[in-house]
A.B. asks: 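My structure is below; once you've seen it, I'll send some questions.
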Amino acid sequence: MKKIYGSAAEALDGVLFDGMTIAAGGFGLCGIPELLLEAIKQAGTKNLTFASNNAGVDDFGIGILLQTKQVKKMMSSYVGENAEFMRQYLSGELELEFNPQGTLAERMRAGGCGIPGFYTKTGVGTQIAEGKEVKVFDGEEYILERGIVADLSIVKAWKADETGNLVFRKTARNFNPPAAMCGKICVVEVEEIVPTGSLDPDHIHLPGVYVHRLIQGEHEKRIEKVTTRPREEA
């Protein structure tokens, strides 16, 4: 099966449709599938629901799709650092399904493992629990959370082999693996593609069975918050 494509647009050809749900990797500005997000912007696909830890910033990550009003709903755990996100939500233009961070990651992982739902104590007694089934285990209340199955997963990895086995670097590993798992189709962008068999099996973070399409590209290295101190005079 051919997995390597020449560009983000080619890798998304025939996959995108209006109203779809997309699981996107990334943690802050680390491990964001920026090339695929730009291709979605250029394709003009609209009324999108995104399951993602956050929405990037105004001009990077999912933020670029908020600017073009292509996003209908966000399923997120962190909603800071993005003024347009805040503006659209407060004005009623954007739906928000707020998730505790660990719950969101587990919802993605569960969906990828064929688990339709699970019980957790996180959120019991808060607005998170409103409208959800509650069950008692060992005298403690737990709420039912549904697994997420997305129409498409878009993720960013550091390195891949030609069959799609993936290696992530540091913080990029937080949300990219579960996001990759829960999509019916998974498209991955990487910094480097190496020959099959050259990756140490013990160093592979996500097996290629989850990956359907793969591109290699150049990526921007962003710093979310730059803090410096005054230069000391000699």
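In this chain, numbering begins with 1 at the start of the sequence shown. Side chains are part of it too, since the values below use all heavy atoms of this structure and drop only hydrogens, waters and symmetry mates.
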A.B. asks: Are Thr45 and Phe17 packed together at the side-chain level, in the sense that at least one heavy-atom pair is separated by less than 4.5 angstrom?
C.D. replies: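 Not in contact.
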A.B. asks: Measuring from atom CD1 of Ile154 to atom CG of Asn176, what distance do you get when rounded to the nearest 0.5 angstrom?
C.D. replies: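 Between atom CD1 of Ile154 and atom CG of Asn176 there are 9.5 Å.
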A.B. asks: Taking Glu189's backbone N and O only, do any of them form a donor-acceptor pair with Gln216's side chain (distance below 3.5 Å, no angle check)?
C.D. replies: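 No, because the side chain of Gln216 does not come within donor-acceptor range (under 3.5 Å) of the backbone of Glu189.
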A.B. asks: With a 3.5 Å distance limit and no angle check, can you tell me whether Ser153 reaches the backbone of Gly183 through a side-chain donor-acceptor pair?
C.D. replies: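 Yes, because the side chain of Ser153 sits within donor-acceptor range (under 3.5 Å) of the backbone of Gly183.
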A.B. asks: Should Ile4 and Val211 be regarded as members of a common hydrophobic cluster, given that ILVMFWY residues are connected when their side-chain heavy atoms come within less than 4.5 Å of each other, either directly or indirectly?
C.D. replies: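 Both belong to a single hydrophobic cluster.
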A.B. asks: Is there a side-chain contact between Arg109 and Met181 (heavy atoms, below 4.5 Å)?
C.D. replies: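 Yes - at least one pair of side-chain heavy atoms lies under 4.5 Å apart.
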A.B. asks: Distance-only, no hydrogens or angles: does the Asn99 side chain make a donor-acceptor pair with backbone N or O of Thr103 under 3.5 Å?
C.D. replies: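 No, Asn99 side chain to Thr103 backbone: no donor-acceptor pair under 3.5 Å.
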A.B. asks: Is any side-chain heavy atom of Glu162 less than 4.5 Å from a side-chain heavy atom of Val194?
C.D. replies: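 No, too far: nothing below the 4.5 Å cut-off.
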A.B. asks: Please step through side-chain contact (heavy atoms from CB on, under 4.5 Å) for the pair Val188 and Val190, ending with a clear verdict.
C.D. replies: CA-CA 7 Å; Val188 182; Val190 298; 3.8 Å; yes
A.B. asks: Working to the nearest 0.5 Å, report the span between CG of Asp59 and CG of Asn82.
C.D. replies: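 Atom-to-atom, Asp59:CG and Asn82:CG are 9.0 Å apart.
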A.B. asks: May I ask you to test the Glu141-Lys135 pair for a side-chain heavy-atom distance under 4.5 Å?
C.D. replies: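 Side chain of Glu141 against side chain of Lys135, heavy atoms only: no contact under 4.5 Å found.
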A.B. asks: Might you point out which heavy atoms bring Phe118 and Ala110 nearest each other, and give the distance in Å?
C.D. replies: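 Scanning both residues, the minimum pair turns out to be CD2-CB, 4.1 Å.
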A.B. asks: Does the pair Glu145 and Lys132 meet the rule for a salt bridge (Lys or Arg N to Asp or Glu O under 4.0 Å), with working shown?
C.D. replies: CA-CA 8 Å; Glu145 295 282 1; Lys132 295 177 181 175; 2.8 Å; yes
A.B. asks: Grab the two heavy atoms, one from Pro177 and one from Leu206, that are nearest each other, plus how far apart they are.
C.D. replies: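 Looking at all heavy atoms of both residues, the closest pair is O-CD1, 4.1 Å.
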A.B. asks: What distance separates Thr196 OG1 from Asp161 CG, expressed to the nearest 0.5 Å?
C.D. replies: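 One gets 4.5 Å once the value is rounded to the nearest 0.5 Å.
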A.B. asks: Return the minimal non-hydrogen interatomic distance between His212 and Lys184, and the atom names on each side.
C.D. replies: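 Closest heavy-atom pair between His212 and Lys184: CE1-O, 3.4 Å.
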A.B. asks: Do Leu166 and His205 come within less than 4.5 Å of each other through their side chains, counting heavy atoms only?
C.D. replies: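 Side-chain contact under 4.5 Å: no.
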A.B. asks: Do any N or O atoms from the side chain of Asn165 and from the backbone of Ala160 form a donor-acceptor pair under 3.5 angstrom?
C.D. replies: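 Looks like no, no N/O pair under 3.5 Å.
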A.B. asks: Can you label the angle between the Tyr142 ring and the Phe137 ring as parallel, tilted or perpendicular, going by 30° and 60°?
C.D. replies: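 Plane angle over 60°, so perpendicular.
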A.B. asks: Say whether Leu35 and Leu48 are linked into one hydrophobic cluster, either directly or through other cluster members, by side-chain heavy-atom distances under 4.5 angstrom.
C.D. replies: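 Yes; Leu48 is reachable from Leu35 via cluster members.
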A.B. asks: Only one of Ile40, Val187, Leu37, Leu36 passes side-chain contact (heavy atoms from CB on, under 4.5 Å) with Ile22; say which it is.
C.D. replies: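 Filter result, single survivor: Ile40.
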A.B. asks: Donor-acceptor pair, distance only, cut-off 3.5 Å: does the side chain of Glu84 make one with the backbone of Asp58?
C.D. replies: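 Side chain of Glu84 to backbone of Asp58: no pair is present.
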A.B. asks: Is it true that, when you exclude Arg87 itself, more than 12 heavy atoms of the residues, nucleotides or ligands shown sit nearer than 6.0 Å to its CZ?
C.D. replies: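 Yes.
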A.B. asks: Given Ser52 and Ile62, is the side-chain contact (heavy atoms from CB on, under 4.5 Å) satisfied, shown in steps?
C.D. replies: CA-CA 9 Å; Ser52 177; Ile62 298 172; 3.6 Å; yes
A.B. asks: With rounding to the nearest 0.5 Å, note down the distance linking OG1 in Thr122 to CD1 in Ile128.
C.D. replies: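 Rounded to the nearest 0.5 Å, the OG1-CD1 separation comes to 9.5 Å.
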A.B. asks: Quick one: pull up CH2 in Trp158 and CZ in Arg169 and give me the separation to the nearest 0.5 Å.
C.D. replies: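 Trp158 atom CH2 to Arg169 atom CZ measures 6.0 Å (nearest 0.5 Å).
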A.B. asks: Side-chain heavy atoms under 4.5 angstrom apart, residues restricted to Ile, Leu, Val, Met, Phe, Trp, Tyr: same cluster for Ile148 and Phe27?
C.D. replies: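 Yes; Phe27 is reachable from Ile148 via cluster members.
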A.B. asks: Establish whether Ile64 and Met86 are linked, either directly or via other cluster members, by ILVMFWY side-chain heavy-atom contacts under 4.5 Å.
C.D. replies: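 Looking at the clustering, Met86 is in the same group as Ile64.
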A.B. asks: Is there a side-chain contact between Glu34 and His219 in this structure, where contact means two heavy atoms from C-beta onward sitting under 4.5 Å apart?
C.D. replies: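 Glu34 reaches His219 side chain to side chain.
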A.B. asks: Examine Lys3 relative to Tyr5 and say whether NZ or CZ is less than 6.0 Å from the centre of the six-membered ring and inside a 45° cone about the ring axis.
C.D. replies: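 The answer is no, since Lys3 fails at least one limit relative to Tyr5.
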A.B. asks: Quick one: do Glu191 and Lys159 make a salt bridge, cutoff under 4.0 Å?
C.D. replies: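 Result for this pair is no, no salt bridge flagged.
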A.B. asks: Is a side-chain donor or acceptor of Arg146 paired with a backbone partner of Gly117 at a separation under 3.5 angstrom?
C.D. replies: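 Pair absent, no side-chain N/O of Arg146 close to backbone of Gly117.
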A.B. asks: For residues 65-76, which residue pairs pass the salt bridge (charged side-chain N to carboxylate O under 4.0 Å, His left out) check, not counting sequence neighbours?
C.D. replies: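 Sorted pair list: Lys69-Glu93, Lys73-Glu97.
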A.B. asks: Is there a side-chain contact between Gln101 and Phe175 (heavy atoms, below 4.5 Å)?
C.D. replies: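 Gln101 reaches Phe175 side chain to side chain.
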A.B. asks: Begin with the C-alpha distance, continue with both residues' side-chain angles, and end with the deciding distance and a verdict on side-chain hydrogen bond (donor to acceptor under 3.5 Å, both in side chains) for Ser77 and Asn53.
C.D. replies: CA-CA 5 Å; Ser77 62; Asn53 176 59; 2.5 Å; yes
A.B. asks: If you round to the nearest 0.5 Å, how far is CG of Leu104 from CZ of Phe98?
C.D. replies: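 Answer for the CZ-CG pair, Phe98 versus Leu104, is 10.0 Å.
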A.B. asks: Please name the pair of heavy atoms, one in Leu16 and one in Ala43, separated by the smallest distance, quoted to 0.1 Å.
C.D. replies: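 For Leu16 and Ala43, the tightest heavy-atom pair comes out as CD1-CB, 3.8 Å.
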A.B. asks: Please test Tyr119 against Glu133 for side-chain hydrogen bond (donor to acceptor under 3.5 Å, both in side chains), starting from the C-alpha separation and ending with a verdict.
C.D. replies: CA-CA 9 Å; Tyr119 288 94; Glu133 180 184 329; 2.6 Å; yes
A.B. asks: Provide the closest heavy-atom pair for Ala172 versus Gly31 in the form atom of the first, atom of the second, distance.
C.D. replies: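 Ala172 and Gly31 have their closest heavy atoms at CB-CA, 3.8 Å.
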A.B. asks: Step by step, would you call Phe85 with Met74 a side-chain contact (heavy atoms from CB on, under 4.5 Å)?
C.D. replies: CA-CA 9 Å; Phe85 187 122; Met74 289 294 306; 3.6 Å; yes
A.B. asks: What are the two closest non-hydrogen atoms of Leu94 and Tyr89, and how far apart are they?
C.D. replies: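 Of all heavy-atom pairs spanning Leu94 and Tyr89, the closest is O-CD1, 3.6 Å.
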A.B. asks: Is the closest side-chain heavy-atom distance between Val57 and Leu29 below 4.5 Å?
C.D. replies: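 Of all side-chain heavy-atom pairs linking Leu29 with Val57, at least one is under 4.5 Å.
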A.B. asks: Between Met20 and Leu12, is there a shared hydrophobic cluster once you connect ILVMFWY residues whose side-chain heavy atoms come closer than 4.5 Å?
C.D. replies: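 Same hydrophobic cluster.
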